[in-house]
Amino acid sequence: MPKPPQRTNLGAAAPRAAASRGSEATLRLARGLAACSELLHGARRNGGGLARALGALARKGGLARAALFLNHDDPEHGLGLSLFAEAQGNGSAPLKSPAPGRQVGYAALGLGRLAQDLFKGSVLHGASADFPEAERPFLEQDGAVAVVLLPMRHDGAWLGFLRIDAAASRRWTQEDLALLHVLADLLGGRVGRERAEASLLAGAQALRGMVENMPVLVVAFDSHGEIVFWNRECERVSGFAATEVLHDRAAPGRLFPEEAFRRGLRGRGQDHRDLESRLTCKDGSERIVAWSDISRQYPLPGWKAWRIGVDMSQRLLVEQAVIQAKQEWERTFDSVPDPILILDGSMRVRRLNMALGSRLGVHPRSLVGNSLAEVSEEPGAVGVSERIRAMAALPTCSSEELTIPRWGGHFLLAVSPFHDRDAARTGTIVVAHDISRWKELERQLEQSRRLEALGTLAGGIAHDFNNILGVMLGYAEMLEVALRGGPQERRVDEILRAGARAKELIAQILTFSRQGEGSLVPLRLTPLVKEVLQHLLVTMPAGISVRRRFDSGSDLVLADPSLTHQVVLNLCTNAVQAMRDTGGILEVAVDELYLGADRAPDLSALTQGTYVRLRVRDTGPGIPAAIAERIFDPFFTTKRPGEGTGMGLAVVHGIVHKLGGSIAVESLPGLGTTMRVLLPRVLSGPGQTAEPGPAAPAGQARILLVDDEASLLAVWREALTGLGYQVATAASGEEALQIFADSPDEFDLVLTDQIMPGLSGTDFVGGVRALRPGLPVIVWTGYSDTAAREAAAGLGVFDILSKPVRQADLARSLERALNAPHGGQGPEDA
């Protein structure tokens, strides 16, 4: 088998590793990297220059391909990628998927696991054949290769990855990876800076576009007094087009005849408002314009000074426009859903928007002048304000995830200083984006993955235990018959009782792994809860009292009665045990809850609709926060030795989620614990099936018995022979099909295991059906796979039994199958 691709995190050791002496291939790669680096300094920003630089790397580095992929966050389709730049060497063909510039989801390309590793900072390298099968179509578009995938980051953000291909025979050394890691860092820095510059450029262009169309004169000057901006209103009022005045040193003299005004164009003096000056128009006329210099208050990049001028004849119209613009800005500022805080140079509140004011429960104006700590900290705390001060002290914008209890959430905080035209810091702006919902979803996803992995493991263990337990119970039942009335009968009975308890434990494991089968029927939850409480009252300690509240008008759910009884009993028993030493109050309530489109983040996995809610609350010591997320893990328990297995809440979690509901815990140390269960409410549903009758007597039929477990095969051959049947055995599906094909009319019934290596039970039954369609078939399995059961039922299997099977149950099923009118129907169709 091929070895899996290697995942390496080079970290800060990369430059030192790159300096080490390498092989000839590594030296050639270093030469290619040097050529690439030289070209990167002159590469264009549209990807064309990058392709040339990557081409130099591929050709001089002896590589088959170098490709740069960028990430894209699509709210509808999830994380995606696009091919930004690519170059080939050694005659390799260009990549076909994804097409250049087209965004494709990681999941659509089968790269979900790969994306997780790259996000974590791992460098993936090895032969393409060593990668998971789902990833190979992406890697082997023109044949097998030796591939390296390196994540690109900038300021902590994952921007995409660099893909390097070489001949399939190449083995990547640590020196190779270190050199390529340097290139990935270089490209990540370049792409990150270009994206930031593009964002700033877009903002500047939008601002200039807005200023260009303002109904006032706007003129900007550089440090030499030359005009660098002349908006449309200036063109309309003066008659001079922008092309006639921009960067023309003589233009200020033509436009502004007053010497004193021209001397002030360098922006060296004080800010002024409504400074009236003459403006010479192109037709020779003059206008009196009231100029306002707001360069210090609102400095803009590239403009040493800029002024707003008002033609006095239109003062009223301009004043109204300014007032409207200010109101629009204020409405825009207050309509932003993210909290925004503007601080002055002393880190006191200059302004905050309505989003932040509503979180603090006060009007924003009432907090102007307060200190940063007063608006960001709970009383007596200082951590948040100190962190914001540290971020504000940095020369550029910085971002960080931060929990701010005073603002009620977990935020992605962006802190940006702003300066006057002399580069002096005048204040700080803080923008907080609430990511509490996403953090909760991350937590739920992590818990779901952990429980899914544990469930798969539990199901596999249960399968093996069922086979072992089947052998033990089979021989124990034979001994029970043989020793009935003798001195050893009591010991055999104890073995059978222990086996029954083991069977119950396995059923709990299967329930946790969501593979246990149950009969779902319409079930009223309130009577079941009352029944559980009635039983608990008999053994409840004297210091514990019970409070009940049943407010549900319709508490009907679709559930298995025994499993639901287990859920309620487990939750109530845990609550009672939490108060056994201190006493307290057990509160149990059943009511209804409607979940709309605005449901809480922890309920986002549930569909919209009405749910029946069960709450079990105790006044015990509570659950420490450090273990709150582990209480649903199998075999995790805080009980004393001998008091529990740690499977209780794990089984409850599996049952509830199997029924389409959710379970959550709310607990504070010293204040008790509340367990909340939500189950979908229903109006009606299928009824329960009746329990089977007593075992039927043994028969004389001929049975083909198939199982890959030799010990099970032996015990059941002996047991069926003891019941009077003629039994032929096979240890695999292939062997059984050969025996049956040789004489298909020799057998009256086939009894087969489902999970077998090679030919499975379902495949074997399909072969039997092709040779003899009406023969009754019974399937048993120790691993309750729903898909396999459905496939077996589709083949007309008479009965499907779960291991371990008691002899009486098997005898009853055999009798029904042999006596039923055959045609491939099961007991429900017969």
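- A donor-acceptor contact shorter than 3.5 Å links the side chain of S128 to the backbone of V145.
- In this structure, E226 contributes its side chain and D222 its backbone to no donor-acceptor pair below 3.5 Å.
- Counting only residues at least two apart or in different chains, ring pair (Phe, Tyr, Trp, His ring centres under 6.0 Å) contacts with residues 101-129 comprise Y106-W158.
- Using a 4.5 Å heavy-atom threshold, the side chains of H657 and H653 count as touching.
- L341 CG to I388 CD1: the interatomic distance, rounded to the nearest 0.5 Å, is 7.0 Å.
- Counting all heavy atoms, side chain and backbone alike, L186 lies closest to S37 at CD2-OG, 4.1 Å.
- For the pair M756 and D708, the tightest heavy-atom approach, listed with the atom from each and the gap, is CG-OD1, 3.6 Å.
- Between K439 and E401 there is a salt bridge, since at least one side-chain N of the basic residue sits less than 4.0 Å from a carboxylate O of the acidic one.
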- Message: Run L81 and L70 through side chain to side chain contact (heavy atoms under 4.5 Å, CB included) and show every step you take.
- Response: CA-CA 5 Å; L81 74 161; L70 298 184; over 6 Å; no
- Message: Under the criterion side chain to side chain contact (heavy atoms under 4.5 Å, CB included), I'd like the reasoning laid out for I164 against W172: C-alpha separation, chi angles, the key distance, then a yes or no.
- Response: CA-CA 11 Å; I164 301 297; W172 301 105; 3.9 Å; yes
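- In terms of heavy atoms, P151 sits closest to A184 at O-CB, 3.9 Å.
- Taking the centre and axis of the six-membered ring of F138, the NZ or CZ atom of R163 falls inside the cone set by 45° and 6.0 Å.
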- Message: The test is side chain to side chain contact (heavy atoms under 4.5 Å, CB included); show your working for L109 and S97 and say whether it passes.
- Response: CA-CA 9 Å; L109 292 174; S97 176; 3.6 Å; yes
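- Listed by first and then second residue, the salt bridge (Lys or Arg N to Asp or Glu O under 4.0 Å) pairs that reach into residues 27-36 come to none, sequence neighbours excluded.
- Under the 3.5 Å distance criterion, the side-chain polar atoms of E86 are matched with a main-chain donor or acceptor of L95.
- Side chain of S376 to backbone of V384: no donor-acceptor contact under 3.5 angstrom is found.
- A distance-only check finds a donor-acceptor pair linking the side chain of S92 to the backbone of A64 [under 3.5 Å].
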- Query: Hey, mind stepping through S436 and H410 against side chain to side chain donor-acceptor pair (under 3.5 Å) and telling me if it holds?
  - Reply: CA-CA 5 Å; S436 304; H410 190 83; over 6 Å; no
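- Remark: R193 engages no residue in a salt bridge (Lys or Arg N to Asp or Glu O under 4.0 Å) (not counting sequence neighbours).
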- Task: Test D248 against I227 for side chain to side chain contact (heavy atoms under 4.5 Å, CB included), laying out the working first.
- Result: CA-CA 7 Å; D248 183 355; I227 299 175; over 6 Å; no
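- The pair D176-R170 meets the salt-bridge criterion, since a charged nitrogen lies less than 4.0 angstrom from a carboxylate oxygen.
- At least one donor-acceptor pair under 3.5 Å links the side chain of R190 to the backbone N or O of L40.
- Aromatic ring pairs are classed by plane angle as parallel below 30°, tilted from 30° to 60° and perpendicular above 60°; the pair F411 and W407 is perpendicular.
- Within the 3.5 Å criterion, the main-chain N or O of A129 finds a donor-acceptor partner in the side chain of R136.
- Ring centers of W303 and F229: under 6.0 Å apart, within the cut-off.
- Summarising the geometry, atom CG belonging to L33 is positioned 12.0 Å from atom CD belonging to E38; distances are rounded to the nearest 0.5 Å.
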